[in-house]
Every structure is written in C-alpha cells, then in structure tokens.
Amino acid sequence: MLRKSGIEPYPYAYNVSHHAKDIKEGFSALEGKEVSIAGRAMQMRQMGGITFIDIQDRSGRIQALIRNNELDDKSLLVLTNSSIGDTLGIRGIVMKSKRGEISVGAKEITMLSKTLRTLPNKWQGLKDTETRYRSRHLDLIMNQEVLRTFETRAKFLSHVRNALDSRGAIEVETPILQDLYGGANAKPFTTTYHTLGDKIMYLRISDELYLKRLIIGGAERVYEVSKDFRNEDADTTHNPEFTQIEYYEAYSDYEAFMKMMEEMLSSFALKTFGSLKVEYRGDTIDFTPPFRRMYWVDELKGMTGIDISSMTDEDAVAINDSEKLGLKRPDRYHVADSLFDKYLKEKTVQPTFVLDFPTYMCPLTKVKRGNQKLAERFELYVGRMEVANSYSELTDPIYQRKMFEEQEKERKKGDEEAPPFDEDFIDAIEYGMPPTAGIGISIDRPTMIFTNQVSIKEVILFPPMKKLPPEDESGNR
RNA sequence: GGGCCCGUAGCUCAGCUCGGUAGAGCAUCUGGCUUUUAACCAGGUGGUCGUGGGUUCGAUUCCCACUGGGCCCGCCA
C-alpha cells in the first residue's frame, strides 16, 4: 500500500512546536515564523494546485494552506494520498490566507497515522447517543466540546484536591474490594476472591469506615478520591459507578465544612468562569456565599404539619397513604426522604444546605447539640441535586454499636440496603476517635452543573452500556 | 419494574400513512480546477432497511415477540 511508495503510514514520533490555539491567539508575534503542528485532518478543500486542510488538535482547529509547487516530492506524495481523518504533521510558516484566515503555509507534510475508517459527516457530525457513548473516541473527534467537558471535570477534581491539600490533608487509598461494605445505604456488587478460598468480596459502596480508622490512628486529616459502586439502576443523575471525594478532619464539625464548601465552589466558579454565576438548564445558579440554609424538618412541618423528627414507623405508614407517596416499604426513613423530594427538592436550585436530619436517618452521626431528635448533618444541594453530604461524625462507640444494631434490625426486616454490622469497626472506634467532621463531595454532579449537562453520562467517559446482541461480531474492516 | 418515542449506506436523514425487494447530502474512489471556509463541476462505488416470527402472491412498509438506545415515572437518602 502506502509503504510501497515510500510513505510510512504509522511512524514513531513527530516534533510538535505549537497547538492550533497558540497560533491563533499569538498570531501577531508568530506571523512569518516557522511552526510545526500535528492533528487530525477534519476538512479538506482541494483546488488543484492548492489545498486547504483543517487540522484539529487538542486545543482546536487551524487551517493548513498547501501550495503544491512549494512542497518537496515526499510531501506531495503524502498530500495526494491523504484524506479526511488522517493524522498529519504540518511544518510551515504562520500566515494569513487571502480571505484572512490564520493558516500555516506548509513546507512539509508528514503522515502520522493513516485512517482506515471514514469519519462521520462534517455538518451533522455524530449525534447518535448510543454510538457516542459506545465509541467515545469518535465522539471526541467529532464533538470537541466533549473534551472541554472532561477538561472541566479534571479541573474541578484538581481544585478539590488542592483545597484539601492546602488544609494539610493527606491523600490515601483504601480497599475497593472489601470484606464487608458500609458507610451508606446501597446494594453492593459482589465478586469472588479465588485464592482466599473463593471468599465473597464486596466492591465498596463508600470508603467512610476505612477513613475513620485512619482518623482513629491519628492521621487527623485524610481524603480519598473514591470510585464507589452501587448495584442500582442508572438514570440522569445516578450511575452505578461514580466518583466522590470523602474527607475527614479531626477536631472539626459540620459547621466548618459548610464554610469549606462555600469557599470551594465559589472559588472554582470564579477561577474557571470568571463569575460566581453559572447557567444551568435555564437557571442562573449563584455561588455567592453564604449559601442558603434550609432547616428542613422545620420547613416541612410548616408546609405539611408533619413533624418527621418524632415520626414513628406506624405514623410513617399512615403518612405514606395520606400523602400518596406510594412507597413499597413505608418506614419512617423512606417516608421522610420521600417527603423531602415531594415538598422541598424543588426549592434547591440555588446552592442550599439542607440540614439537621432526624437521628433515625443517620446511624453514623452525632446528635444535634440542643435537640436529641436531630443529627448534625447537612446535604448540599445545587440544581436540585445532592452534591455533598456531611456530618459531625459519631465518635461514641457505645452509641455507635446501638446504631449498628438498629441497622441490623432493618436489614433483617428486609431492607437489603441497610449495611451489615461491622464488629471490626466497633473494635477500632472503642480505642477512641477524636471529634471529627466528615464529608463526601460528588465529582460527577458538580461537573454536570459546571458544564451545563443534563445527564450524568455526559460527564462519565465510558458509561456502562448493555451488551449488544451476540451475532454482530463481524468486525468489518 | 411501568409509559412514550426511536433503530434504513461509515455519518445525518427521507421513504412506511395508502405493501410491489430503496433514495438524498456528506464521506470514499476517478477526472478537472493555484486562496478555499458546507469550495465548485462531472462520473463511479457503497444497503441481508436492528433480530426473529406472522399476515400476504409479494413486507423496509401491516401485526407480534425479542434486542439495543433516548425521555418520563418508580426505585436509588
């Protein structure tokens, strides 16, 4: 094929001096200078002796202007054998075309990778959602704003890391494969560890109990970027595999973390967009601190007359009927949660701390100072989505044991999402855990807000997809 | 789990109402053209119409099931 005519279609390396964006933004300084760029040919306009190729690299696109009579023989050969979709290296002079387009006037063209496939068409591009997710490489080629979305995701992740690092925290890694799962209410994925006698292991639903062991051990400030797994259906705001950062800080309480979140989100918006206001799905979300505080038990009582803090399971059954919640398992935990969704969630478009939960919803949280029925916990909502969950951590081993026993009862009653009793953790906390604040900060959902995406799949590079029917394995070339 | 919509060329789509085994643009290939921006002009290649079954002389079209995707609801604090 190409090799016979002396062109290597898959060479080893190429020296790139500039990206498209550098040249466009720095044109006045670069005009007349020699540069070399590399990228994928996205469009090609051939007029005989002159050819225009739009080269796309990570930063964007720039036009290469190619006059046949200024090329050496090898470059000419490359040109005549290249097509849309090939990756090319262009060495040439920064200039403007007659129509004023900033271009690289080519002196040398190098084939960097020959494509065997045709790209989607240049106007409509690639729209089919299924193909976009199953073939993310094609999506990234055709829809460069997707790359921008993931750049924003990376910026947010590193922003959170920096914020925690600057508080003096250390980043740690704890097991993803766990003997026992805990720290949240969810169905786990299971797997088998063959060399440990085919032991059943769980993919973590949270890393909370491990990080707390580190606090007990004296680490004082620890966080982990945690991929968690919950064996549940996906929808536009839930993915079974998701990312959160959990952070624990000794000698703090949830009040300190509300301040931290205000600072973290507002500084990110300002740094990234130059504004505290962000457009999200038709709403303008204002990250100017302080964020609103919604004492939701009181607010709900005002709206409905129901005091969920003193609700019993019997009350819950009656409320499930009178409020037409239609829950399959109308215990007080699920009823309280459902009432929030029904009456209050709509009011959380702007950043809102939803705080002080009934104790029965919080098996790992300290009770509120001055109100034994409530726990010191907040959830931060933005754009009607929960983006962080934090509490003054329960450190009393005797009370902790009692809460585990309660959970175990729920579990026996058929709540398969209630976590199992963790004797090993109780053993650890009996050594004494300092007062501690803990928080889980979502990475996926804030990214949705900062990139104005409706679906969580748009901020996850390779969302899980169902198996395709087996017959289609032709792998045509 | 329930409801609605969708699957036709590599991509974006038309055709289906009212059955007669398929069409456009882009891409690709050939030829022409030395400043284009969706370049243009001429010609060519490209499809077991998601899968299986049913009705029919005949199904991309009508019916059923399955499968994959999207949206909404339920569930997932």
Side-chain angles (χ1 to χ4, degrees), chain A residues 41-54 61-71 81 83-86 95-103 105 115-135 138-139 141-143 184-187 205-206 230-240 242 296 308 325-329 331-341 345 354 357-358 360-365 375 377 379 381 385-386 389 391 415-418 440 454-455 457 463 465-472 474 476-477:
Chain A
M42 298 303 290
Q43 289 195 39
M44 216 175 257
R45 294 172 292 279
Q46 294 202 56
M47 341 273 315
I50 188 164
T51 303
F52 300 90
I53 302 179
D54 292 343
R61 290 187 188 183
I62 190 163
Q63 174 173 277
L65 190 163
I66 300 153
R67 290 190 205 82
N68 289 1
N69 60 14
E70 293 181 8
L71 292 182
N81 283 290
S83 54
I84 291 176
D86 291 345
M95 58 177 289
K96 273 190 180 174
S97 71
K98 237 172 218 174
R99 297 281 174 96
E101 176 90 10
I102 294 173
S103 309
T115 181
L116 298 180
R117 303 264 190 171
T118 11
L119 252 32
N121 88 51
K122 58 192 169 193
W123 300 291
Q124 289 88 350
L126 178 68
K127 288 180 180 168
D128 183 72
T129 317
E130 183 175 357
T131 311
R132 287 187 46 234
Y133 295 159
R134 287 192 196 275
S135 304
L138 252 193
D139 190 29
I141 293 168
M142 298 309 297
N143 305 308
N185 283 23
K187 261 184 278 183
I205 58 174
S206 122
R230 299 184 184 176
N231 209 336
E232 294 154 356
D233 270 357
D235 63 25
T236 47
T237 58
H238 296 81
N239 196 62
F242 65 100
W296 71 289
I308 56 167
L325 301 177
L327 295 173
K328 284 181 211 149
R329 212 172 37 241
D331 54 36
R332 56 187 181 169
Y333 175 98
H334 292 279
V335 165
D337 191 42
S338 178
L339 287 171
F340 174 81
D341 286 349
K345 200 175 193 173
V354 176
F357 286 59
Y360 56 80
M361 297 182 85
C362 313
L364 298 163
T365 312
R377 167 179 177 181
E379 288 184 348
Y381 274 76
M385 292 187 289
E386 181 196 337
N389 179 17
Y391 20 99
D415 187 348
E416 54 183 336
E417 282 150 15
V454 175
S455 170
K457 287 184 177 171
M465 302 292 270
K466 285 192 188 172
K467 259 192 298 193
L468 290 171
E471 46 181 318
D472 191 18
S474 49
N476 40 336
R477 307 205 129 203

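What you are looking at is a predicted structure, and each value in this text was computed from that prediction instead of being measured. Worth knowing before you read on, the calculation uses all heavy atoms, side chains too, and leaves out hydrogens, waters and symmetry mates.
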Asks: Donor-acceptor check, side chain of A/Asn239 to backbone of A/Ala234, threshold 3.5 angstrom: yes or no?
Replies: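 Pair absent, no side-chain N/O of A/Asn239 close to backbone of A/Ala234.
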
Asks: Has the side chain of A/Gln63 got a donor or acceptor that lies under 3.5 Å from a partner of the other kind on the base of B/U36?
Replies: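 Result: at least one qualifying N/O pair found.
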
Asks: Is B/U35 paired to anything, Watson-Crick or G-U wobble with both distances less than 3.5 Å, and if yes, which nucleotide?
Replies: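 Result: none.
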
Asks: Verify ring pair (Phe, Tyr, Trp, His ring centres under 6.0 Å) between A/Phe340 and A/Tyr381, making sure each step is shown before the conclusion.
Replies: CA-CA 12 Å; A/Phe340 174 81; A/Tyr381 274 76; 5.1 Å; yes

Asks: Does A/Met465 reach a base, just sugar-phosphate, or nothing at all? Heavy atoms under 4.0 Å.
Replies: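 If one applies the 4.0 Å heavy-atom cut-off, A/Met465 turns out to touch the sugar-phosphate alone, with no base involved.
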
Asks: Would you say A/Asn389 and A/Arg377 make side-chain contact, with heavy atoms under 4.5 Å?
Replies: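 They are in contact (side-chain heavy atoms under 4.5 Å apart), so the answer is yes.
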
Asks: Roughly how many Å is it from CD1 in A/Ile141 to C1' in B/G10, rounded to a whole number?
Replies: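 Rounded to the whole Å, the gap is 13 Å.
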
Asks: Measuring from atom CD1 of A/Ile50 to atom CG of A/Leu65, what distance do you get when rounded to the nearest 0.5 angstrom?
Replies: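 Those atoms lie 4.5 Å apart.
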
Asks: Write down the distance between OH (A/Tyr333) and P (B/C76), rounded to a whole number of angstrom.
Replies: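 Computing the A/Tyr333:OH to B/C76:P distance gives 8 Å.
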
Asks: Can you name the closest pair of heavy atoms from A/Met44 and A/Thr51 and give their distance?
Replies: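 Closest heavy-atom pair between A/Met44 and A/Thr51: CG-CG2, 4.2 Å.
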
Asks: Mind checking side chain to side chain contact (heavy atoms under 4.5 Å, CB included) for A/Lys187 and listing every partner two or more places apart, or none if nothing turns up?
Replies: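 Scan of A/Lys187 (side chain to side chain contact (heavy atoms under 4.5 Å, CB included), adjacent residues dropped) gives A/Asn231, A/Glu416, A/Glu417.
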
Asks: CZ of A/Arg134 versus C1' of B/G50: gap in Å, rounded?
Replies: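 Rounded to the whole Å, the gap is 12 Å.
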
Asks: Return yes if the base of B/U34 and the side-chain atoms of A/Asn69 contain a donor-acceptor N/O pair under 3.5 Å, otherwise no.
Replies: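 Donor-acceptor pair under 3.5 Å: yes.
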
Asks: B/G10, OP1 or OP2 - any side-chain N/O from A/Arg117 closer than 4.0 Å?
Replies: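 False: A/Arg117 side-chain N/O out of range (4.0 Å or more) of B/G10 OP1/OP2.
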
Asks: Using whole Å, report how far CE of A/Met42 lies from C1' of B/U36.
Replies: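 Going from A/Met42 (CE) to B/U36 (C1'), I get 18 Å.
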
Asks: Using Watson-Crick or G-U wobble geometry with both distances below 3.5 Å, tell me the partner of B/G23, or none.
Replies: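 Partner of B/G23: B/C13.
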
Asks: Report yes or no: is there a donor-acceptor pair, N or O only, under 3.5 Å between the side chain of A/Arg67 and the base of B/U35?
Replies: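 Checked by distance alone, the answer is yes.
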
Asks: Name the pairing partner of B/A65, where a pair is Watson-Crick or G-U wobble with both distances under 3.5 Å, or state none.
Replies: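 Answer to the pairing question: B/U51, which forms a Watson-Crick or G-U pair with B/A65.
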
Asks: Provide the distance between the two P atoms, one in B/U51 and one in B/U61, to the nearest whole Å.
Replies: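 It comes out at 11 Å once rounded to the nearest Å.
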
Asks: Would you indicate what A/Lys345 reaches in the nucleic acid, counting non-hydrogen atoms under 4.0 angstrom: base, sugar-phosphate, or nothing?
Replies: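 Counting heavy atoms under 4.0 Å across all strands, no contact is made by A/Lys345.
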
Asks: Take A/Thr131 and A/Asn81, find for each the nucleotide of RNA chain B with the closest heavy atom, and name the residue whose nucleotide sits nearer the 5' end.
Replies: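 Counting from the 5' end, the first nearest nucleotide belongs to A/Thr131.
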
Asks: Please state the P separation for the pair B/A65 and B/C5 - nearest whole angstrom.
Replies: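 Going atom to atom, P in each nucleotide, I get 14 Å.
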
Asks: Which residues satisfy the side-chain hydrogen bond (donor to acceptor under 3.5 Å, both in side chains) test with A/Thr131, sequence neighbours excluded?
Replies: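 If we apply the side-chain hydrogen bond (donor to acceptor under 3.5 Å, both in side chains) test to A/Thr131, skipping adjacent residues, the hits are A/Asp128.
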
Asks: If I take atom CD from residue A/Gln43 and atom NZ from residue A/Lys122, how far apart are they, to the nearest 0.5 angstrom?
Replies: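 So the gap between those two atoms works out to 5.0 Å.
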
Asks: Would you kindly give the CD-to-C1' distance between A/Gln43 and B/U28, to the nearest whole Å?
Replies: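 Interatomic distance, CD of A/Gln43 to C1' of B/U28: 16 Å.
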
Asks: So which protein nitrogen or oxygen atoms get under 3.5 Å of nucleotides 72-75 of chain B's nitrogens or oxygens?
Replies:
{"residue": "B/C75", "atom": "N4", "partner": "A/Asp235", "partner atom": "OD2", "Å": "3.2"}

Asks: Quick one: on RNA chain B, does A/Ala186 or A/Gly49 contact a more 5' nucleotide (nearest heavy atom)?
Replies: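 Result: A/Gly49.
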
Asks: If you restrict it to nitrogen or oxygen atoms, what contacts under 3.5 Å exist between nucleotides 41-44 of chain B and the protein, and what is each distance?
Replies:
none

Asks: Would you tabulate the nitrogen or oxygen pairs shorter than 3.5 Å linking the protein to nucleotides 46-48 of chain B?
Replies:
none

Asks: How close do A/Ile308 and A/Tyr360 get, heavy atom to heavy atom, and via which atoms?
Replies: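 Taking A/Ile308 first and A/Tyr360 second, the nearest heavy atoms are O-OH, 2.7 Å.
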
Asks: Using a cutoff of under 3.5 Å, can you pull out all pairs of nitrogen or oxygen atoms linking the protein to nucleotides 22-27 of chain B, with atom names and distances?
Replies:
{"residue": "B/G25", "atom": "N2", "partner": "A/Asn121", "partner atom": "ND2", "Å": "2.7"}
{"residue": "B/A27", "atom": "OP1", "partner": "A/Lys122", "partner atom": "NZ", "Å": "3.0"}

Asks: Scan A/Gly125 against the nucleic acid and name what it touches under 4.0 Å (heavy atoms): base, sugar-phosphate only, or nothing.
Replies: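 Sugar-phosphate, no base atom in range.
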
Asks: Using Watson-Crick or G-U wobble geometry with both distances below 3.5 Å, tell me the partner of B/A42, or none.
Replies: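 With both distances under 3.5 Å, B/A42 matches B/U30.
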
